[in-house]
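Working notes for the structure below.
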Amino acid sequence: MNVYKPNEIEPKWQKTWEKNEQYKTDTSDATKPKYYALEMFPYPSGKLHMGHVRNYSIGDVVARFKKMQGYNVLHPMGWDSFGLPAENAAIKHGIHPDKWTMENIADMREQLKTLGLSFDWDREIATSTPEYYKFTQEIFLKMLEHGFAYKKKSFVNWCPSCETVLANEQVVQGACERCDSVVVKKDLEQWYFKTTHFAEELLQDIDTLDGWPEKVKTMQKNWIGKSTGAEITFDIDGSDKSITVFTTRPDTTYGVSYMVLAPEHRLVKELVDGTEYEEAVDTFVAKMHTMTEIERTSSEVEKEGMFIGKHVINPLNGKKVELWIANYVLADYGTGAVMAVPAHDERDAEFATKYNLEVVPVINEDNIMINSEEFDGMDADKAFEGIIEKIEEMGRGKKTVNYRLRDWLLSRQRYWGCPIPVVYCEECGIVPEKKENLPILLPTDVEFTGKGESPLTTSKTFMNATCPCCGKSARREADTMDTFVDSSWYFLRYIDPKNTEEPFGKDAVNNWMPVDQYIGGVEHAILHLLYSRFFVKAFNSMGMLDFKEPFKNLLTQGMVLKDGTKMSKSKGNVVAPVEIIEEFGVDTARLFVLFAAPPERDLEWSDQGVEGCFRFLNRVYRLVDELSDLAKVEATLGDLTKEDKAMRYTISATLKKVTEDLNEKFGFNTAISALMELINEMYKYKELDNRNNAVIKEGIETIIAILAPFAPHMGEELWTMVDKEGSVFDISWPKYDETALVKDEVEIVVQVNGKVRGKLSVATNITKDEMEKVAMEDEKIKALVEGKTIVKVVAVPKKLVNIVVK
Ligand code: ANZ
Ligand code: ZN
């Protein structure tokens, strides 16, 4: 008798796989259909956590299952290795970010390898290596060339603690996503990607993503936030200047009783300069900069504003109304200006009440226009179109759509990111680096103080550059790219990781994209997924590839919780994967995270659950060990007893269920519980005196194949225990025997006056009459109906017979 020793068999199989290059993918092999399985690559923090174990275990089952189903599977892994923690380590411990990062990668790679994942390590990439960021820079230059990257000055989100700007997407409820500090607005010149160029496509194409969770699609739609309305231009009284507003309610234009500019609106300063309002406006604007967007627009917060001494003229009725600035109007939405209609807008109403401003209703309760000149009496919906037409005829505006989506602010005042490959030349202005000069390497003579400007400005070797255009000395761009730039194209690089000429070969990515299954945390539902979709659309429009969406199917896995909250260092409720692996082996850890909850749900950690999985694996091991001699020899089915048929039914039904669960809906937990039942049935069946060797063999082989994707080390071990050659992952996923699924007997229920009185086994194909006859002949039923009048008998095939008596 052998004993299950995961600590012996797991390292053994990992070595064998590595030696045999078991998971190396030949992407040029077109004899099999392709399958690209991808898990979001990790930031190399140095420590593997349970979230990783869950994410990669899910992906590994998918990859192994698809391989066994005959696909050419690509399953790569790499590192999202630029980022702030490395720089903070440099500031704190004086260790260079590159060294810190590379050591962490080495550590984490070793930890990942103990999980027995089927990654093709030959394709490993790290975004902080010059081999990779050379192409991130090349992509930036391409974007610049095509007008998809540009520089502009505007009010941007500034995190005072990280001392860097943040993209809108990185501000969560007015706070820095990373450090939680309150984000303030700063007027700075920054680099942007033109995500808004694809706003409509990004929105429309969401409907093609059938394999994405609805909730993620909704989040993306809301983030893009399309609203339809009009832009209307109001002249400023006594000036040649005008102000354009964006409104979703052109039908209310006759009801405008004042206008509001965002305090940061470019015109404000100009309009009040040298007037009696100047000082008060400056104070007000300064105060606004200390408030977050959330604070400013929250319905809880009191509306606040001031008149700035000017009036604007309503183009429709010539009415002069006051011009105000207020906290509730944002600079970067629409045009940063609002035509206020307190009769029909709640925010305006609140403001008008506070400051005693006029309220002019223009639509009555029946949705009919009033106080609107020639539109009076018209349905408001019709007036919506009518007023837009009139404004367009007058040349005072147009129908327009507005998106909440902003361009992606990509520059960061950080060191540990991809340098932006441009220089500033006094003669030539902003000049892109020449492609042959890439990569622009990060310098090593940098001081990390955590204060002030971008650390790159402290490096003389870096800052002093030559203008690629005129050859004179120039200053290099000191900002680096947001790390989301790195992760917006890594899935393409995996397909062609050794390409030294270009980021990726066009044919290669056309053949292998989209990713068939992408798996990662729901926290990336907006940022990373939207940016990656934008990159693919930009690449497509630049002719670099032919498809439009990167990820065909998306699974967003839930969190790993302990005692009801997310495992985290700060809460002190972390279970380290290594502890579990040392005690029970990695197959147990994998089985637990796959079994304890459906993948998209949160998973509550349970020590008993882990022990249960360990016991289950032991039970499988003992079963196979005991029956291995039988499973080794050839046998024929021959005549089958009722028990043989029942066992074969369970084997095939389990296989069918597991296949369906894995194919369609990530039913890992239900697949595993079906396997558990099969094991129970096998334990009973093997005790029979007249057990059939061929059935035993079929059962054992099926069990091993089903178990293998979940517990791959044990799968391989059991496979050799039954004398099979080669890897269990080189076999085809077994096909279930349809004929075994046809039961020739079913159990039916017999009722008397609706009460269940007995169960009978009958042939599946008997008629209703025969069913009734069998029921009436049953001894127990006979006794129950004796001496009574039979009113009627109802038979439902394969289900029941009901006898009504009086
Ligand atoms: C007049 C009006 C009348 C409005 C009415 C609404 C109701 P969504 O749907 O989110 O796109 N708005 C425009 N720009 C703004 C800004 N920068 N900051 C704050 N509010 C702004 O909202 C569009 C509406 O929000 C616009 O339509 C405008 O107010 C306001 F009965 O114009 B409305
Ligand atoms: Zn120059």
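No experiment lies behind these values; they were computed from the predicted model shown.
Checking side-chain atoms of R109 against main-chain N and O of G78 turns up no donor-acceptor pair under 3.5 Å. When atom types are taken as modelled, the side chain of K32 and the backbone of Y71 share no donor-acceptor pair closer than 3.5 angstrom. Judged purely by atom type and a 3.5 angstrom limit, D60 uses its side chain to pair as donor or acceptor with the backbone of S118. In terms of modelled atom types and a separation under 3.5 Å, the side chain of N553 and the main chain of D516 share a donor-acceptor contact. Here the side chain of W408 pairs no donor or acceptor atom with the backbone of K194 at under 3.5 angstrom. Side-chain N or O atoms of D661 include none that pairs as donor or acceptor with a backbone N or O of F668 at under 3.5 Å. Of the possible donor and acceptor atoms, none in the side chain of E611 sits under 3.5 Å from a partner among the backbone N and O of F584. A donor-acceptor pair is defined here as one N or O able to donate and one able to accept, closer than 3.5 Å; such a pair exists between the side chain of K217 and the backbone of L209. A donor-acceptor pair is defined here as one N or O able to donate and one able to accept, closer than 3.5 Å; such a pair exists between the side chain of H96 and the backbone of D98.
Checked against E87 for a salt bridge (Lys or Arg N to Asp or Glu O under 4.0 Å), the options R412, R414, K92 give a single hit: R414. Residue W212 forms a side chain to side chain contact (heavy atoms under 4.5 Å, CB included) with just one option from T556, L529, I206, and that option is L529. The only option from F491, Y36, F535 that meets the ring-ring contact (aromatic ring centres under 6.0 Å, His included) definition with F551 turns out to be F491.
Taking CD of Q517 as the start and CG of L38 as the end, the distance is 10.0 Å to the nearest 0.5 Å. How far CG of L409 is from CZ of F193: 11.0 Å, rounded to the nearest 0.5 Å. In this structure, CD1 in I706 is found 9.5 Å from CE in M68, a value given to the nearest 0.5 Å. Atom CD1 of I672 sits about 4.5 Å away from atom CG of L591, to the nearest 0.5 Å. Distance check, rounded to the nearest 0.5 Å: CD of Q69 to NZ of K66 gives 4.5 Å. Between C162 atom SG and E177 atom CD the span is 10.0 Å, to the nearest 0.5 Å.
If you check the side chains of S568 and N573, you find no donor sitting under 3.5 Å from an acceptor. Counting only N and O atoms by type, the side chains of Q22 and E716 include no donor and acceptor under 3.5 Å apart. In this structure, a donor-acceptor pair under 3.5 Å is present between the side chains of W733 and T659. No hydrogens or angles considered: a donor-acceptor pair under 3.5 Å links the side chains of Q220 and R533. No side-chain donor-acceptor contact under 3.5 Å links N402 and S227. Side-chain contact, S487 with D80: no donor N or O sits under 3.5 Å from an acceptor N or O. Of the N and O atoms on the side chains of W489 and Y531, not one donor lies less than 3.5 Å from an acceptor on the other residue.
Annotation for V62 and I519: closest pair CG2-CD1, 4.4 Å, computed over non-hydrogen atoms. Closest non-hydrogen pair, L617 versus A711, comes out as CD2-CB, 4.2 Å. Closest approach of M40 and Y56 over heavy atoms only: O-OH, 3.4 Å. Pairing each heavy atom of F592 with each of S606, the nearest pair is CZ-N, 3.5 Å. Between V61 and P709, the closest heavy-atom pair is CG2-O, 3.5 Å. Across all non-hydrogen atoms, the minimal contact from P97 to T101 is O-OG1, 2.6 Å.
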| query | Are D607 and W605 close enough, and set up right, to give a side chain to side chain donor-acceptor pair (under 3.5 Å), and what steps lead you there? | reply | CA-CA 7 Å; D607 291 334; W605 185 264; 3.0 Å; yes

| task | Start with the C-alpha distance between N55 and E39, add both sets of side-chain angles, then the distance that settles side chain to side chain donor-acceptor pair (under 3.5 Å), and finish with yes or no. | result | CA-CA 7 Å; N55 191 179; E39 296 102 70; 5.5 Å; no

| said: Before you tell me yes or no, could you show the steps for D207 and K221 under salt bridge (Lys or Arg N to Asp or Glu O under 4.0 Å), namely the whole-Å CA-CA distance, both residues' side-chain angles and the distance that decides it to 0.1 Å? | reply: CA-CA 10 Å; D207 291 335; K221 280 185 186 166; 3.2 Å; yes

| said: Could you go through M714 and L707, starting from their C-alpha distance and side-chain angles, then the distance that decides it, and tell me whether this counts as side-chain contact (heavy atoms from CB on, under 4.5 Å)? | reply: CA-CA 8 Å; M714 182 178 267; L707 181 69; 3.6 Å; yes

| said: Apply salt bridge (Lys or Arg N to Asp or Glu O under 4.0 Å) to residues K571 and D563 and explain how you reach the verdict. | reply: CA-CA 11 Å; K571 296 210 184 72; D563 311 319; over 6 Å; no

| task | Test side chain to side chain donor-acceptor pair (under 3.5 Å) on Q14 and H713 and set out the steps. | result | CA-CA 8 Å; Q14 285 162 18; H713 309 86; 2.9 Å; yes

| task | Kindly indicate, with the supporting measurements, whether the criterion side chain to side chain donor-acceptor pair (under 3.5 Å) is fulfilled by W79 and N104. | result | CA-CA 10 Å; W79 313 98; N104 279 349; over 6 Å; no

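A cation-pi arrangement is present between K113 and W121 under the rule of less than 6.0 angstrom and at most 45 degrees off the ring axis. For the pair R64 and F729, the cation-pi criterion (under 6.0 Å, within 45° of the ring axis) is fulfilled.
Under a cut-off of 6.0 angstrom, the local environment of CD in E660 is crowded, with over 12 non-hydrogen atoms contributed by other residues, nucleotides or ligands. Heavy-atom contacts from other residues, nucleotides or ligands closer than 6.0 Å to NZ of K47 number 12 or fewer. Surrounding NZ of K552 are at most 12 heavy atoms belonging to other residues, nucleotides or ligands under 6.0 Å away. Residue K506 qualifies as enclosed at atom NZ: its count of foreign heavy atoms under 6.0 Å is above 12. Within 6.0 Å of atom CD in E103, more than 12 heavy atoms from other residues, nucleotides or ligands are found, so the atom counts as buried in its surroundings.
No side-chain heavy atom of V536 sits under 4.5 Å from any side-chain heavy atom of E549. You'll find the side chain of Y23 stays beyond 4.5 Å of the side chain of F119, heavy atoms only. Between S81 and P44, some side-chain heavy-atom pair lies under the 4.5 Å cut-off. Two residues are said to be in side-chain contact when any heavy atoms from C-beta on lie closer than 4.5 Å; D120 and P76 fail this criterion. Inter-residue side-chain proximity for V522 and K215 is flagged as met; some heavy-atom pair is nearer than 4.5 Å. Two residues are said to be in side-chain contact when any heavy atoms from C-beta on lie closer than 4.5 Å; T127 and T483 fail this criterion. For the pair D486/C418, a side-chain contact is recorded, criterion being any heavy-atom separation below 4.5 Å from C-beta on. A heavy-atom distance below 4.5 Å is found between the side chains of E10 and D587.
Taking the six-membered ring for Trp and the full ring otherwise, the centers of F504 and F539 sit less than 6.0 Å from each other. A centroid separation of less than 6.0 Å is found between the aromatic rings of Y133 and F82.
In this structure, W191 and F140 have perpendicular ring planes: the angle between them is above 60°, well past the 30° mark. Below 30°, between 30° and 60°, or above 60°: for H52 and H49 the angle between ring planes is below 30°, a parallel geometry.
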